[in-house]
Amino acid sequence: FCLKTSDATILWQKQIAEEADVRLPGWGISASPLVFEDILLVNLGESGVAIDKHRGDLLGSSPDRDCGYATPVLIPNSDPATAIFASGRAFIGVDIRSGQPLWSERWLTSFNCNAADPIVYDGKMFLSSGYNRGAALFDLTDGQPKLIWKTKEMKNQIHTSILFDGHLYGIDGDMESGARLKCMDWVTGNVVWSVDDLRPGGLSIAGGKLLLLTEDGELIVAPASPKGFLPAGQMDVLQDKSWTAPVFSGGRIFCRSVGGEVVCLDCRE
């Protein structure tokens, strides 16, 4: 749907998978669309679908193979302008204007599930997936991914890690079997610290602080620091299973359970 922001009038609507003649992934679409200039990019098909954002016209599609669940990510200052798409079996760099794949990094997981978004920073690309896949950092400066390091120590099944002040903070492991909260060095891939008994459900960073929502609905606030996980405050906020990242906005923290319950916490002084 394309909606008018002032009053939610529908400007156009389209069933993109049907028009592009590509399959839907097994767990449904979870990727956000990406807007680049006048082009709307959607992670469908092997390497994405392009739509005219003004009219909804189909501009281009890709082969009918499993897509992943991650949101397309733009490579800043790339020439040609390039977005990274997660398919079920690879991460693919695509020329946005032509729709042509420029490179493909093979990335296999159980159930063809690549759900965490790539992180692109300083000419490098971080990839991570769950189901015992692990993570890797690549150099993109020559236009093709070149491996810098790889590890099994950060397996992002659902949530993308967060890069903050030279360190990655992320949820490692499959949620159903009990995941861990970890801090990892961006340059080396070495684990700086790990907390194994929290059962993290969602993670974000605001104002230099980690906002961790546990699977059991406890919200924990701690400095985002390589010195360790040192909680400054915590409270039970939800009663149902919670796998959604907390959202900080306007001095408030919003938390949501998988059942749809939402709580708002006022952090203003």
Practice problem: Kindly indicate, with the supporting measurements, whether the criterion salt bridge (Lys or Arg N to Asp or Glu O under 4.0 Å) is fulfilled by Lys53 and Glu37. | Solution: CA-CA 9 Å; Lys53 75 172 186 180; Glu37 297 178 348; over 6 Å; no
Please report the shortest heavy-atom distance between [X] and [Y], naming the atom on each side.
X      : Y      : answer
Asp240 : Ser242 : O-OG, 3.0 Å
Trp149 : Met184 : CH2-SD, 3.8 Å
His159 : Asn156 : O-CB, 3.1 Å
Asn114 : Gly88  : ND2-O, 3.6 Å
Phe126 : Leu168 : CE1-CD1, 3.6 Å
Ala179 : Ile171 : CB-CG2, 3.5 Å

Is [Y] close to [X] at the side-chain level, that is, under 4.5 Å between some pair of heavy atoms?
X      : Y      : answer
Pro200 : Thr214 : no
Val237 : Glu218 : no
Cys67  : Pro25  : yes
Trp193 : Leu181 : yes
Glu19  : Ile16  : no

hydrophobic_cluster_shared for [Y] and [X], side chain cutoff 4.5 Å:
X      : Y      : answer
Ile162 : Leu74  : no
Met175 : Tyr131 : no
Leu198 : Ile205 : yes

Between [X] and [Y], is there a donor-acceptor pair closer than 3.5 Å when you use the side chain of the first and the backbone of the second?
X     : Y     : value
Thr5  : Leu3  : no
Ser62 : Gly48 : yes
Ser78 : Pro76 : no
Thr71 : Ser32 : yes

[X], [atom1] atom: more than 12 neighbouring heavy atoms under 6.0 Å:
X      : atom1 : result
Gln239 : CD    : no
Asp21  : CG    : no
Asp122 : CG    : yes
Arg89  : CZ    : no

Practice problem: Cation-pi check, Arg133 to Trp107: give yes when NZ or CZ is under 6.0 Å from the six-membered ring centre and within 45° of the ring axis, no otherwise. | Solution: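 Yes.
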Quiz item: After noting the C-alpha distance and the side-chain angles of Asp174 and Lys155, does the key distance pass the salt bridge (Lys or Arg N to Asp or Glu O under 4.0 Å) rule?
Solution: CA-CA 8 Å; Asp174 298 344; Lys155 300 177 289 291; over 6 Å; no
Exercise. Could you tell me the separation between the CZ atom of Arg23 and the CG atom of Leu44, rounded to the nearest 0.5 Å?
Key: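 One finds 11.5 Å between CZ of Arg23 and CG of Leu44.
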Exercise. Over 60° means perpendicular and under 30° means parallel, so classify the ring planes of Trp186 and Tyr121, tilted if in between.
Key: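 Aromatic pair Tyr121/Trp186 classed perpendicular.
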Exercise. Would you please classify the geometry between the Phe111 ring and the Trp27 ring as parallel, tilted or perpendicular, with 30° and 60° separating the classes?
Key: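 Geometry flag for Phe111 against Trp27: perpendicular rings.
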Practice problem: Tell me yes or no: between the side chains of Asp196 and Ser194, is some donor less than 3.5 Å from an acceptor? | Solution: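 Yes, side-chain donor-acceptor contact under 3.5 Å.
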Self-check item: Asp66 versus Asn112, side-chain donor and acceptor atoms under 3.5 Å
Solution: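 Distance-only check passes for Asn112 and Asp66.
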Taking [X] first and then [Y], would you say they form a salt bridge - that is, a charged N and a carboxylate O separated by under 4.0 Å?
X      : Y      : answer
Arg256 : Glu261 : no
Asp139 : Lys124 : no
Glu176 : Lys241 : yes

Quiz item: Below 6.0 angstrom between ring centroids: does that apply to Phe85 and Phe91?
Solution: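 No: the rings miss the under 6.0 Å criterion.
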